[in-house]
Amino acid sequence: MTEEKDKPTKSKAKKEATPKVSTGAWWKSTLNLFPKKKPKSSAKNQEKPEKKEKKEKKEKQKKQEPLQNETAAATAVPEAAAPETAAPEKNGPAPDSDNPQPAAKRPSRPSRSRGRRPRRTTEKDDTAKKTESDAKARDKGKAKQAPRKKAADASAAGTEEVPGRKTKRGEHLVSKLLINAEEPEECRIALVENGRLESFHVAGVTRERTKNNIYKGRIVSVEANLQAAFVEIGTDRNGFLPFDEIHPEYYRQDVDDRVRKLIEQQEWKKLKIENVIQRGQEVLVQVVKEVTGNKGANMTTYLSIPGRYLILMPGSDSAGISRKINGDDRRHSLREMMNGFNIPEGIGYIVRTASSDITKTALQKDLQYLLRLWEEIKKKGQEMNTPALIYKDQDIVVRFLRDHFVPEIEEILVDTQESFDQVQQFVSLLPATKARKIRVKLYRGDRPLFNHHNVEEQIESIYQPQVQLPSGGSIVIDPTEALVAIDVNSGRTSKDHNFDQTIFLANMEAAAELARQLRLRDLGGLIVVDFIDMRNSKHIREVEKQVKASMKRDKAKVDISRISRFGLMQISRQKMGAPIEKGSYKMCEYCQGRGVVKSVETLALYYLRRIQTGITRQKVKRVECSLPHEVAQYLLNKKRVELTELEAKHNAKVDIIIKSDMKPGDNRIDFQE
């Protein structure tokens with residue numbers, strides 16, 4: 001009886017101790033950084049049902065070994081349905097992504113306890129029985145079906161057969177990472193698989209990357225209509241901070257009773273930004289999306305610091321594991337590792353996909369590094385004046401290895417000693433089994449690295465609107481202001497006798513190639529694909545499957561629709577940054593991005609009409625026209641009679657001056673009285 005009475009008093013004391021209205025500077029305070037106390041009772045309750053589940057699984061496996069070996073993938077319980085998938089709270093990003101950017105939803109208050117409720121064994125048994133019965137039904141259906149397609153046979157043989165890519169069965173896929181950092185103005189990284197470019201990243205001095213950088217800024221404007229604020233961070237443009245991305249700890253203290261009650265009840269949707277945020281506030285913000293066009297950078301106050309194996313989220317208490325890590329046992333062991341570490345209160349985390357087979361020591365080293373980095377960021381935020389850059393993301397070589405390195409890479413070639421040392425340091429942090437398989441070489445050849453591996457021509461094709469397909473067809477990519485239009489052309493494929501089959505082949509090749517081109521060009525937003533019309537519904541479903549399978553390699557979040565009756569497919573792809581073309585190309589000074597310029601005849605007649613209109617004014621004695629070379633010659637040679645008549649009629653003189661240095665659209669016409 002005494003124990004039951006003591007519990008509510010402790011909870012009441014905690015509620016009274018927690019402030020109901022925030023201070024507006026959570027990152028300056030050390031109150032939320034006490035070491036966590038792990039609840040012992042919850043840990044004990046977790047172990048018992050899980051041991052029972054393992055015993056029951058072993059008994060079922062002995063009875064039904066053949067069935068379970070064949071349908072292991074089909075009978076696995078989905079991770080999304082399992083209660084132990086540590087989906088984050090509203091104040092953190094989704095655990096199914098390695099993207100270190102936080103979610104765009106306002107959080108609930110960080111929870112104090114990290115204990116998990118034990119799962120019920122009865123529910124587990126019911127789901128297991130259902131999945132086993134479904135697997136039996138599928139096995140019966142498989143026996144009646146025809147043999148699998150070529151793609152399935154290729155995957156069973158250990159190879160990946162992609163339309164438009166000639167790979168033999170049993171052929172080994174060689175992945176190489178090429179790092180070209182010889183010139184200080186530009187650093188380029190290319191991932192090549194069997195000589196084919198699969199990923200390309202470039203960083204130059206002309207466009208400095210700001211994504212993931214953390215700034216100490218000042219709110220200079222609060223827009224009630226947009227429900228957002230503009231933050232001065234010391235760059236050319238102010239950052240855009242939506243209300244959903246503002247941490248509740250930044251809310252003002254001098255709020256009225258109604259707003260205070262809404263904050264206590266966590267009624268975030270009923271709050272207005274003008275009631276809780278004011279101009280002049282200092283905030284710690286992180287860039288989520290870089291500057292694009294006339295728009296400033298999108299920012300958030302939910303910070304996330306990415307490491308190789310973890311993403312640290314200060315100001316949050318959520319914990320998650322990437323859904324790409326398969327296996328309940330491995331997920332459980334990772335969760336136990338993290339629970340064993342001394343993580344300060346008020347700091348959340350996400351275990352990244354790279355931790356699928358990592359050791360506890362490596363995971364702890366990464367956590368300690370991120371915690372030290374956060375202490376440095378917090379210290380700079382308290383000392384530096386606003387606006388200031390607090391934390392800058394790592395350079396392109398380290399960033400690519402951290403976010404995009406995969407175990408399939410067998411060889412890394414670099415052409416500078418500095419990059420070679422960075423790669424060596426990264427490889428030394430990998431597990432010993434993986435580090436032995438990776439060969440790091442310093443390239444010293446006479447030819448440039450990319451030319452030696454025939455990559456330069458493939459890079460140049462990224463900037464071309466048309467991409468050829470192996471069977472003779474092509475796809476045309478046309479980025480616009482609102483969306484990206486992709487048109488599939490049949491080309492020579494339609495000349496064969498079997499029309500339906502050749503059209504299906506062209507669409508399958510286009511489905512694989514467009515996914516690759518979207519990755520290489522880093523195109524995002526709404527993408528509309530116009531496939532060649534297909535009559536066979538089975539072919540339509542196969543093309544849809546091919547698009548989804550090809551987009552699985554993409555790090556960006558993708559949403560794909562079905563092919564409509566007009567042959568259109570809609571793809572929504574997350575914008576990871578500005579398109580790669582923006583950093584290497586600039587707008588044409590002649591056409592201003594239109595792609596066409598006026599002809600010489602059209603320009604000459606346009607200027608002639610301007611002269612005729614201006615000379616009719618009173619007291620105009622002389623017209624001086626400075627025009628480009630070709631336009632001026634056309635007027636002097638083809639329109640000399642019209643100019644002479646104009647001079648005689650209005651008693652004025654028209655001088656055509658040739659300016660060879662003028663652009664086609666430039667002109668200067670002066671009417672002198």
When you measure from the side chain of Arg308 to the backbone of Arg402, do you find a donor-acceptor pair of N or O atoms at a distance under 3.5 Å? yes
With the side chain counted from C-beta on, respond yes when Glu509 and Val488 share a heavy-atom pair under 4.5 Å apart, and no when they do not. no
Side chain to side chain contact (heavy atoms under 4.5 Å, CB included), that's the test. Do Phe420 and Val440 meet it? Break it down for me. CA-CA 8 Å; Phe420 180 78; Val440 184; 3.6 Å; yes
How close do Leu312 and Pro314 get, counting heavy atoms only, and between which atoms? O-CD, 3.5 Å
Would you say that more than 12 heavy atoms from the other residues, nucleotides or ligands in this model lie under 6.0 Å from the CD of Glu418, or not? no
Ignoring hydrogens and geometry, is there a side-chain-to-backbone donor-acceptor pair from Glu282 to Gly381 under 3.5 Å? no
Once rounded to the nearest 0.5 Å, what's the spacing between atom NZ of Lys380 and atom CG of Leu284? 11.5 Å
Without swapping roles, check the side chain of Arg218 against the backbone of Pro387 for a donor-acceptor pair under 3.5 Å. no
Between Met551 and Leu518, is any pair of side-chain heavy atoms under 4.5 Å apart? yes
Could you tell me which non-hydrogen atom of Gln286 sits nearest to which non-hydrogen atom of Tyr302, and how far apart they are? OE1-O, 4.1 Å
Under a 3.5 Å cutoff, is there a donor and acceptor pairing between the side chains of Glu245 and Asn298? no
Would you indicate whether the side-chain heavy atoms of Tyr309 and Lys365 approach each other to under 4.5 Å? no
Just wondering, do Leu303 and Tyr391 contact through their side chains at under 4.5 Å, heavy atoms? no
Mind running salt bridge (charged side-chain N to carboxylate O under 4.0 Å, His left out) on Arg553 and Glu408 for me, showing each step along the way? CA-CA 13 Å; Arg553 301 188 59 181; Glu408 288 75 16; over 6 Å; no
Is it the case that atom CD in Glu383 sees more than 12 heavy atoms from other parts of the structure closer than 6.0 Å? yes
Of all the heavy-atom pairs spanning Asp415 and Ile179, show the shortest one and how long it is. OD1-O, 3.3 Å
Check whether any side-chain N or O of Asn194 sits under 3.5 Å from a backbone N or O of Val174 as a donor-acceptor pair, and report yes or no. yes
Do His404 and Ser199 have side chains that approach each other closer than 4.5 Å (heavy atoms only, starting at C-beta)? no
Any side-chain heavy-atom pair from Tyr349 and Val351 closer than 4.5 angstrom? yes
Does Ala297 offer a backbone N or O that forms a donor-acceptor pair with the side chain of Arg237 under 3.5 Å? no
How about Leu177 and Leu401: do any of their side-chain heavy atoms sit closer than 4.5 Å? yes
Please determine, by modelled atom types, if Ser318 and Ser316 share a side-chain donor-acceptor pair under 3.5 angstrom. yes
Strictly distance-based, threshold 3.5 Å: is any side-chain N or O of Arg331 a donor or acceptor partner for the main-chain N or O of Ile325? yes
Checking Asp329 side chain against His332 main chain: does a donor-acceptor pair fall under 3.5 Å? no
I'd like to know if Glu290 and Lys211 make a salt bridge, using a cut-off of under 4.0 Å between side-chain N and carboxylate O. no
Could you verify whether a donor N or O on one side chain and an acceptor N or O on the other, from Gln425 and Asp421, lie under 3.5 Å apart? no
Hey, what do you get for CD1 (Ile390) to CD1 (Ile214), rounding to the nearest 0.5 Å? 8.5 Å
Plane angle bin for Tyr443 and His452 - parallel if under 30°, tilted between 30 and 60°, otherwise perpendicular: tilted
Got a second to check how far Ile475's CD1 is from Leu514's CG, nearest 0.5 Å? 5.5 Å
Please answer whether the main-chain N or O of Asn180 pairs with a side-chain N or O of Arg188 as donor and acceptor at a distance below 3.5 Å. no
Show, in sequence, the C-alpha distance, side-chain angles and deciding distance for Phe400 and Phe405, and conclude whether the ring pair (Phe, Tyr, Trp, His ring centres under 6.0 Å) test is met. CA-CA 7 Å; Phe400 181 88; Phe405 179 81; 8.7 Å; no
Side chain to side chain contact (heavy atoms under 4.5 Å, CB included) between Val529 and Val547, intermediate numbers included: CA-CA 11 Å; Val529 186; Val547 173; over 6 Å; no
Side-chain donor/acceptor of Lys216 to backbone N/O of Met384, under 3.5 Å: yes
Distance (rounded to the nearest 0.5 Å) between Thr301 OG1 and Tyr250 OH: 6.0 Å
Can you measure from CD (Gln422) to CD1 (Ile396) and round to the nearest 0.5 angstrom? 11.0 Å
Residue pair Pro479 / Ile477: nearest heavy atoms and the distance that separates them: CD-O, 3.7 Å
CD1/Ile571 to NZ/Lys548 distance, rounded to the nearest 0.5 angstrom? 10.5 Å
Side chain to side chain contact (heavy atoms under 4.5 Å, CB included) between Lys437 and Glu410: does it pass, once the steps are laid out? CA-CA 6 Å; Lys437 299 178 181 179; Glu410 301 177 359; over 6 Å; no
Under 3.5 Å, is there a donor-acceptor pair between the side chain of Asp366 and the main chain of Leu310? yes
Contact summary for Ala229 and Ile219, nearest pair of heavy atoms: CB-CG2, 4.0 Å
Taking the side chain as everything from C-beta on, heavy atoms only, tell me whether Arg352 gets closer than 4.5 Å to Ser322. no
List the steps, then state whether side chain to side chain contact (heavy atoms under 4.5 Å, CB included) holds for Cys591 with Val597. CA-CA 5 Å; Cys591 67; Val597 294; 3.8 Å; yes
Kindly give the heavy-atom pair with the smallest separation between Thr210 and Val287, and that separation in Å. O-CB, 3.3 Å
Run the salt-bridge test on Glu375 and Arg372 with the 4.0 Å N-O cut-off and return the result as yes or no. no
Gln464 and Glu460 side chains, donor-acceptor separation under 3.5 Å: no
